[in-house]
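Below is one structure, written out as structure tokens; the observations come after it.
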Amino acid sequence: MHIDDISLPNGMPVPLLSFRPVHVRFVGQTVHAGFPSPADDFIEKSVDLNEVLIRNPTSTFLWRVAGDCMIDVRIFPGDVVVVDRSIAPRHRSIVLAIIDNSPTLKRINRRGKTLVLHNENAKLPPFTVDEGTEITIWGVVTATIRDLHK
Amino acid sequence: MTGFALSDGNSFYCSCERVFDPKLEKRPVIVLSNNDGCAVARTAEAKALGIKMGHPYFLIKELCEQNDVTALSSNYALYGDMSRRMNDIYGRFSPVTEVYSIDETFLDVDDIPVAKRVQWAGDLRSTTKQWTGIPTCVGIGPTKTLAKLANKAAKALPSGVLDLTDPREQQRVMADFPVGDVWGIGRASLAKLAAEGIEFAGQLRDMEPKRARALMTVVGEKIVHELNGRPCMELESVAPQRQGCAVTRSFGQRVTSRLEMEQAVAGYAARLGEKLRRNGLATNHVTVFMHTSQFADGEPRRNVSMTVDLPEATNDTMALIRAAKRAVDGLWKSGFRYSKAGIITQDLVRPELSQRSLFDNLDHAKAAKVMAAMDKANLRWGRATVIPAAVGFASKSAFATKFEMRSPRYTTRWDELPICH
């Protein structure tokens, strides 16, 4: 495989390190006299949204929602959904399904031994598929992200 | 038992595109090199139409239109991100890996019992497919060369896995494996081997190592040992220091004026400086080349290059531009429609180890400060925010790589996420 740009080792793109300058301000008392901050021993990393939104970064992808078939479970157009490909879909999972080549959000329900896909929008006609429709489950939706202050 | 596996993505660039655009599934797709020059990745459907690796796009454009082939510009941001994810997965399957190229990785399988290697490779494939959507093939062998050979042969198997740990299996597969497809056998070696009547890997394996050395230097000897299951190469999990560095581009439009050429090459010199500084390296010479299109029939052709030595090893963009300009001065001849130019350096050195020239009157500290400030501004506000004036102000658009048919950068840009309904 030939990358015209440059022969990097093994043709890999070099990850740009984000080196934004970090200004470190010492919060605790470092002056000789006075008392040490009582918080000094308890400094921890700030909570990180990635920890709750993304369980498996390797297999997780973000998709932008454009349709309204899931608005009854509060997934609206413009939202970002977090989709994990490493999770096996189960009863009541919300999934990103590829239906006849079109990426679509659906709810999975188990009826006896078969899995059935549903919309979550009472105003839409029930979701049905014709014989021969190709369906694959792309991944399982694990979270949604919505900007409330746009 | 010592062993290597090689995993690679099938039609990797095309497969990355298919993950986010299901409409491309089961259809012919090709990905083009920089400036949409030639096909660098093809799906099986595109290969079936006779599209070859490296085929110039303008020669196959009609064929593509007639057969509804989707041709895409390279989307390196996407391919790089998918490659990183695949390597994350490989890291869970083997303690030592070597990223060989954007879509090929060697894995150490010493700890996997021989009887379980096929199963292990199958798990690696299915996990990679499930987690990233990218189909792969895995070859296993007692040497890297045999693992690479097994990987190539695995492409034709429905399982996508081939284990050549067993010498009898090696014998069977190598008997009709074209010697030109053996790792490390280039065009020159192939011609020499053909003259010896050697067509298949099995014949090369049976060659006297000394004879191979006489024909193809020590490289050929190593290949013979490796084909016999005697490892000559270890995994290189740390990328070796870069030996050389190049910035080359096909022009979006043919260049016919000297000023345009000077500005284009100055732009490459600036980019080269950036790359050297990022790697903490310097160079004491630059080679500039320029040539006309090899596909334009009836046009006058020209293909020239010139090397200019620098007074001392440097990575200062201004010094590189001065040297590059001298090369352009020496090379330029009008009356040609140049299609490509570039700047190349070899023998990179660490600046702290290089010799200072005796009559050195450059203000190093000052130059380093200017370069650091420029790099910082360009990192923060985007490439080519601050440019040396020699590059010219038209250059950002005129010489920038064309990506006319690029898909969205699905995984690295908030405003280009894939869309679902």
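Both backbone and side-chain heavy atoms feed into the values below; hydrogens, waters and symmetry mates do not. Just so you know, these numbers come straight off a predicted model, no measurement behind them. Quick note on labels: first sequence line is chain A, next is B, and so on, each numbered from 1.
In the displayed structure, B:K155 atom NZ is contacted under 6.0 Å by more than 12 heavy atoms of other residues, nucleotides or ligands. Under a cut-off of 6.0 angstrom, the local environment of CZ in A:R146 is crowded, with over 12 non-hydrogen atoms contributed by other residues, nucleotides or ligands. Enclosure of atom NZ in B:K152 is not indicated, since only 12 or fewer non-hydrogen atoms of other residues, nucleotides or ligands lie within 6.0 angstrom. At most 12 non-hydrogen atoms from other residues, nucleotides or ligands lie less than 6.0 angstrom from CD of A:E134.
For B:H421, there are no side-chain hydrogen bond (donor to acceptor under 3.5 Å, both in side chains) partners at least two apart in sequence or on another chain.
Counting heavy-atom pairs under 4.5 Å between each of B:V19, B:I89, B:D21 and chain A puts B:V19 at the top. Heavy-atom pairs under 4.5 Å with chain B peak, among A:L105, A:I87, A:I99, at A:L105.
Using a 4.5 Å cut-off between heavy atoms, B:K129 touches chain A through its backbone atoms (N, CA, C, O) alone. With a threshold of 4.5 angstrom between heavy atoms, B:R92 approaches chain A through side-chain atoms but not through N, CA, C or O. Contacts of A:I98 with chain B are made by side-chain atoms alone, with heavy-atom separations under 4.5 Å and no backbone atom involved.
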Practice item. I would like to know whether B:R85 and A:R85 meet side-chain contact (heavy atoms from CB on, under 4.5 Å); could you show each step before the answer? Key: CA-CA 12 Å; B:R85 291 169 187 263; A:R85 291 181 58 99; over 6 Å; no
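A pairwise comparison of heavy atoms in B:I419 and A:P103 identifies O-CG, 3.9 Å as the closest pair.
For residues 51-81 of chain A, a heavy-atom distance under 4.5 Å to chain B picks out A:N56, A:P57, A:T58, A:S59, A:T60, A:F61, A:L62, A:W63, A:R64, A:V65, A:A66, A:G67, A:C69, A:V80, A:V81, given by residue number.
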